[in-house]
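To start, the structure itself, in structure tokens.
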Amino acid sequence: MSDYIPQGIEPKWQAKWEADGLYHADIDKSRPKHYALMMLPYPSGDLHIGHWYAYIPPDARARYMRMNGYNVLFPIGFDAFGLPAENAAIKRGTHPKEWTYKNIEKMQQQMRLMGSMYDWRRVTVSADPEYYQWTQWFFIQLFKHGLAYRKMSPVDFCPQCNTTLAREQVWGEDRHCERCGTPVIKKDLEQWFFRTTRYADELLSFAGMDWPERVRVLQTNWIGRSEGASVTFKTAPSGDDKTGHVLEVFTTRPDTLWGATFMVLAPEHPLVNKLTTPEHRKEVAAYKKLAARQSDIDREATDKEKTGVFTGGFAINPVNAEKIPVWIADYVLMTYGTGAIMAVPAHDQRDFEFARKYGLEVRVVIQPEGLEPLDGATMPGSVPASGTMVNSGPLTGTSADEAFHAAIKFLEKKKLGKGAVNYKLRDWLISRQRYWGAPIPMVYCQKDGWNPIPEDQLPVLLPDDVAWKPTGESPLKLHPTWKNTTCPVCGQPAERETDTMDTFMCSSWYHLRYLSPHYHKGPFDPREYDYWMPVDVYTGGIEHATMHLIYTRFFHKACRDMGITRGDEPMIQLRNQGMVLGEDHEKMSKSKGNVSAPDELVKRYGADAVRSYLVFFAKWDMGAPWSHTGIEGTFRWLKRVWALFTGPSAPGSCSAETKQNLRRKVHQTLRHVTHDYENFEFNTVISGLMELMNEMYTARQAGAAGTPEWQEALDIYLRMLAPVCPHIAEELWTVVLGKPYSVHTQSWPAVDEVAAREDEITIPVQVNGKLRDRIVVPAEAGEDQIRSAALASETVQKFLAGKAPRKVIVAQKKLVNIVI
RNA sequence: GGGGCGGUGGCGGAAUUGGCAGACGCUGCGGACUUAAAAUCCGCCGGUGGUGACACCGUGAGGGUUCGACCCCCUCUCGCCCCACCA
């Protein structure tokens with residue numbers, strides 16, 4: 001008997017599995033397919049424990065699925081474009097490409113230590129020309145179908161990274177850059193957008209998808225659908241404004257239109273200058289300047305007291321022809337709705353606060369049930385929407401619930417407005433003034449405007465010889481020759497787009513490239529697509545709920561409508577892992593010094609112990625703090641497993657009862673472990689295997705070794721162990737037990753329900769809901785038998801003290817409760 | 001302000017979903033082996049009282065439903081995360 005030395009067996013098996021192509025996944029129509037996809041890593045240079053936590057449980061589950069007869073595709077790749085490469089390059093003076101590919105190589109070596117079942121032939125790197133050629137191709141398809149367009153737009157700009165940021169990449173209350181933390185500023189640039197908003201409604205539906213509630217809620221809120229009405233106001237002629245202007249607003253409360261006593265425009269609203277009367281010009285200009293200079297921190301703080309100024313202008317309320325003042329205030333945002341609101345202070349708290357501060361009229365139009373008639377002049381706050389309409393022209397007397405639709409009907413009839421829907425979701429800004437990304441394959445010609453590069457000329461290669469230092473301009477723009485080309489339409493000299501694409505574009509379709517990473521007739525081989533898609537289970541971090549996971553859904557739906565993909569959704573099932581914290585319960589970070597490095601752990605305990613601890617120490621979707629003594633526990637367990645299999649197994653004398661108990665425990669464990677693998681409850685897989693091992697030690701003590709029941713236990717144990725601990729399972733299976741290579745191509749055992757059944761069951765007996773005794777009855781005992789056994793219990797009789805029970809509840813085979 | 005998740009021993013967590021609370025592991029304590037240490041093995045380990053059998057209390061707090069509640073309902077509270085003046 002030798003000791004368990006993982007370092008001696010793990011590299012051996014990793015090399016053999018790879019040499020044998022054990023994990024190659026190819027189309028095989030005789031088996032059902034299973035596409036298990038993990039969010040691909042960014043090649044930051046080091047595989048940390050969080051990567052392992054994200055990747056090991058899905059690997060174990062993919063292995064489990066394979067043993068269940070599925071043809072499992074389990075690929076890996078790298079999201080290789082992006083800012084960190086440039087930031088690192090600037091810091092170290094190495095080329096982003098060199099930095100990135102060096103990191104990829106290092107991380108691949110680290111990944112091999114994990115012993116995962118990746119099909120290494122399918123590795124995909126988004127910065128490879130053979131990959132981004134097709135990213136560019138997709139861009140052109142979107143452009144050709146009117147889903148990509150250019151727009152001048154105020155964008156968030158990070159002065160540190162010298163790049164624009166998507167709304168989703170601006171973080172925190174202080175609105176800082178996702179990457180470097182610098183507060184963002186606004187800048188006007190003409191850029192490329194994708195029409196994600198066209199799919200807003202469809203993205204709200206999760207029909208047929210098994211996605212966590214949390215993610216669905218996040219996406220729903222992010223898309224932010226509001227139903228209401230757009231209402232057309234006219235401004236009253238005043239000052240230079242001789243004719244009046246059309247002023248459209250969006251409201252979710254058209255029913256309160258009769259209570260609108262003023263209007264508020266965003267300071268940036270284009271009508272502000274036209275409406276402002278000469279005597280208010282100075283004040284308005286000062287406020288606008290203040291609002292513009294103000295950082296978004298101040299502007300978006302909800303607890304801030306509302307401010308604003310009167311423009312001197314008036315608008316006409318279309319429903320009652322009243323003249324109401326027009327104000328500007330920074331609590332109205334130019335980026336939502338039309339940048340203008342009708343203010344109904346009696347029924348909106350924000351408007352109420354504003355009205356009270358500036359002495360504006362508050363007019364009640366909904367009288368809540370059972371309250372004294374409200375007086376706008378004295379009411380202490382706005383009131384909500386249920387009650388009866390008052391002061392509301394034709395709506396007066398209707399209930400507020402009906403008034404919403406009645407008001408829209410009224411507006412539509414009078415042609416003053418119509419029902420409308422608004423979204424918080426914006427179109428996806430994909431332009432980046434950066435070097436390390438996929439070039440946008442577009443050409444600008446003075447005569448023919450913007451046209452795509454002909455598809456047979458793709459990829460538009462990213463030149464290696466650029467100064468990638470941040471200059472405020474795209475480095476590609478500064479390249480002496482790169483941008484010079486000819487117009488694909490007229491052949492005259494023209495200029496390339498020098499911006500590159502948001503890397504979320506690259507990661508929106510990588511799951512398709514895995515299908516055929518070297519295919520050159522298209523982004524993917526349709527035969528592979530037909531077999532493997534859609535993704536059956538997608539795993540990754542919750543942080544991508546509103547970015548990547550919306551983009552990739554949009555991308556798939558857009559491709560479906562362009563005839564490129566099929567089906568409505570790319571990923572059927574989604575599961576998110578939690579986070580591994582440091583031993584101090586804080587997020588792991590180098591600066592805090594609480595990082596556990598997987599390479600060192602593997603060196604010390606072996607990959608199998610690290611793998612099993614990672615699945616054991618927390619519920620996978622919750623995460624938990626790391627513990628260096630905790631991993632000693634799983635390492636100890638594997639040593640005990642090793643000793644169990646390699647220890648003395650000479651047949652002894654053994655009772656039938658021992659053998660039966662062993663089989664029972666084996667099949668009960670199998671039932672429970674099967675359930676847990678199915679449901680991503682990996683932590684209890686390990687505890688189940690630990691319990692069974694303890695039971696097997698007891699059985700061996702009782703002489704079970706060498707019996708057929710013992711052999712069965714060993715066999716099933718290794719099959720259950722193999723997904724989490726592939727190396728030790730293979731060694732014990734192939735070498736120690738001498739069974740045919742490989743344990744990983746074995747089938748998942750079937751539960752023998754007869755063996756798993758108990759002959760006798762122990763039933764707790766309660767008196768008045770308190771546990772007083774336990775009785776042992778035959779498993780097939782009926783209710784009457786259980787009842788009389790419970791009543792016969794001495795302890796129960798003691799508590800009954802001679803009295804007859806009022807009621808006896810027998811919960812089928814689970815519990816007896818005697819009520820006195 | 002809105003939404004989500006969560007609160008179970010010293011710690012991570014079990015409890016197959018309304019039926020024995022604390023599985024499994026870590027830590028700690030006691031013991032065996034050893035010249036000693038490591039490793040390994042055995043035992044104890046929610047609280048209070050009791051030598052003990054046992055009794056009482058106990059899943060953030062309070063209430064409710066139920067024969068029975070960690071689980072369902074209501075009120076509150078604390079922690080984490082997301083969104084946030086969205087008209």
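Naming: A, B, ... by sequence-line order, numbering from 1 per chain.
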Seminar exercise, completed: With syn meaning chi within 90° of zero and anything else anti, the base of B:U51 is anti
Exercise. Is there a side-chain polar atom (N or O) of A:Ser226 under 4.0 Å from OP1 or OP2 of B:A87?
Worked result: yes
Problem set entry | Where A:Trp52 and A:Leu614 come nearest, the two heavy atoms and their spacing | CB-CD1, 3.4 Å
Exercise. Distance only, no hydrogens: is a donor on one side chain within 3.5 Å (strictly under) of an acceptor on the other, for A:Thr338 and A:Glu248?
Worked result: no
Exercise. From the list B:G13, B:A23, B:A87, which nucleotide is the closest neighbour of the side chain of A:Asn683?
Worked result: B:G13
For this session: Would you kindly compare A:Thr762 and A:Asn817 by the position of their nearest RNA chain B nucleotide and give the one closer to the 5′ end?
Result: A:Thr762
For this session: For the pair A:Asp201 and A:Arg225, find out whether any cationic side-chain nitrogen is under 4.0 Å from an anionic carboxylate oxygen.
Result: yes
Exercise. Where the side chain of A:Gln766 is defined as all heavy atoms beyond and including C-beta, which of B:C24, B:A21, B:C85 is the nearest nucleotide?
Worked result: B:A21
For this session: Report the distance from atom CG of A:Leu265 to atom C1' of B:A87, rounded to the nearest whole Å.
Result: 13 Å
Seminar exercise, completed: Of the candidates B:A14, B:G6, B:G19, the side chain of A:Met622 sits closest to B:G6
Exercise. What is the nucleic acid contact for A:Leu218, judged by heavy atoms within less than 4.0 Å: base, sugar-phosphate only, or nothing?
Worked result: sugar-phosphate
Exercise. In whole Å, what separates the P atom of B:G7 from that of B:A87?
Worked result: 33 Å
For this session: Using a strict cut-off of less than 4.0 Å between a Lys/Arg side-chain nitrogen and an Asp/Glu carboxylate oxygen, indicate whether A:Lys619 and A:Glu681 qualify as a salt bridge.
Result: no
Exercise. Taking the side chain as C-beta and beyond, is there a heavy-atom pair between A:Leu574 and A:Val215 under 4.5 Å?
Worked result: yes
For this session: Could you check which nucleotide pairs with B:C5 in any of the strands shown, counting Watson-Crick or G-U wobble with both distances under 3.5 Å?
Result: B:G79
Exercise. Counting side-chain heavy atoms from C-beta on, which of B:C20, B:A87, B:G19 comes nearest to A:Lys814?
Worked result: B:G19
Exercise. Should B:G52 form a Watson-Crick or G-U wobble pair with both distances under 3.5 Å, which nucleotide is its partner?
Worked result: none
Exercise. Taking atom C1' in both B:G43 and B:U59, what distance in whole Å separates the two?
Worked result: 28 Å
Exercise. Can you tell me how far C1' in B:U17 sits from the matching atom in B:C80, rounded to whole Å?
Worked result: 25 Å
Exercise. In terms of side-chain heavy atoms of A:Pro764, which of B:U27, B:A87, B:C20 is nearest?
Worked result: B:C20
Problem set entry | Listed nucleotide nearest any side-chain atom of A:Ser627, set B:G19, B:G3, B:C26 | B:C26
Seminar exercise, completed: Answer for the Watson-Crick or wobble partner of B:C72, both distances under 3.5 Å, is B:G64
For this session: Could you give the distance separating B:G64 and B:G25 at their C1' atoms, to the nearest angstrom?
Result: 38 Å
Problem set entry | Side chain of A:Arg350 (C-beta onward), nearest among B:C86, B:G19, B:G12 | B:C86
Exercise. When you compare B:C70 with B:G58, how far apart are their C1' atoms, in angstrom units rounded to a whole number?
Worked result: 12 Å
Exercise. With a non-hydrogen cut-off below 4.0 angstrom, is A:Phe250 in contact with a base, only sugar-phosphate, or nothing?
Worked result: base
For this session: Identify whether the distance between the nearest side-chain nitrogen and carboxylate oxygen of A:Asp3 and A:Lys639 falls below 4.0 Å.
Result: no
Seminar exercise, completed: note: A:Phe635, atom CZ; B:C26, atom P; distance rounded to Å ~ 13 Å
Problem set entry | salt_bridge(A:Glu753, A:Arg671) N-O dist < 4.0 Å | yes
Problem set entry | No-H, no-angle donor-acceptor pair, A:Arg214 side chain to B:C5 base, under 3.5 Å | no
Exercise. Under 4.0 angstrom, heavy atoms only, what part of the nucleic acid is A:Tyr423 near: base, sugar-phosphate, or nothing?
Worked result: nothing
For this session: Could you tell me whether A:Asn694 contacts a base, only the sugar-phosphate backbone, or nothing, with contacts defined as non-hydrogen atoms closer than 4.0 Å?
Result: sugar-phosphate
Exercise. Is there a donor and acceptor pair, one atom on the side chain of A:Lys424 and one on the base of B:C83, closer than 3.5 Å?
Worked result: no
Exercise. Taking only side-chain nitrogens and oxygens of A:Arg772, does any of them come within less than 4.0 Å of OP1 or OP2 of B:G68?
Worked result: no
For this session: Identify whether the glycosidic angle of B:G58 places it syn (within 90° of 0) or anti.
Result: anti
Exercise. Which nucleotide, B:A87, B:G13, B:G25, lies nearest any side-chain atom of A:Ala624?
Worked result: B:G13
Exercise. What does A:Gly623 touch in the nucleic acid at a heavy-atom separation under 4.0 angstrom: a base, only the sugar-phosphate, or nothing?
Worked result: sugar-phosphate
Exercise. How far, in whole Å, is B:C72 from B:A15 if one measures between their P atoms?
Worked result: 15 Å
Exercise. In whole Å, what is the span from the CG atom of A:Leu614 to the P atom of B:C24?
Worked result: 22 Å
For this session: Write down the distance separating the P atoms in B:A14 and B:G60, rounded off to the nearest Å.
Result: 15 Å
For this session: Could you tell me the separation between the CD atom of A:Glu681 and the P atom of B:A14, rounded to a whole number of Å?
Result: 8 Å
Problem set entry | Flag for A:Asp348-A:Ser382: side-chain donor and acceptor within less than 3.5 Å | no
Problem set entry | Pair A:Lys306 + A:Glu353: basic N to acidic O under 4.0 Å | yes
For this session: In whole angstrom, give me the gap between the C1' atoms of B:U66 and B:G79.
Result: 31 Å
For this session: Among B:A15, B:G3, B:G12, find the nucleotide with the atom closest to the side chain of A:Thr684.
Result: B:A15
Kindly give the atom pairs (protein nitrogen or oxygen, nucleotide nitrogen or oxygen) under 3.5 Å for nucleotides 39-43 of chain B.
| from | atom 1 | to | atom 2 | distance (Å) |
| --- | --- | --- | --- | --- |
| B:U40 | OP1 | A:Lys639 | NZ | 3.4 |
| B:C41 | OP1 | A:Arg640 | NH1 | 3.3 |

For this session: Using heavy atoms to find the nearest nucleotide of RNA chain B for A:Val819 and A:Gly633 separately, return the residue whose nucleotide is more 5′.
Result: A:Gly633
For this session: Compute whether any side-chain donor of one residue and acceptor of the other, for A:Asn422 and A:Ser226, lie under 3.5 angstrom apart.
Result: no
Exercise. Picking from B:C83, B:C24, B:C67, which would you name as closest to the side chain of A:Glu691?
Worked result: B:C24
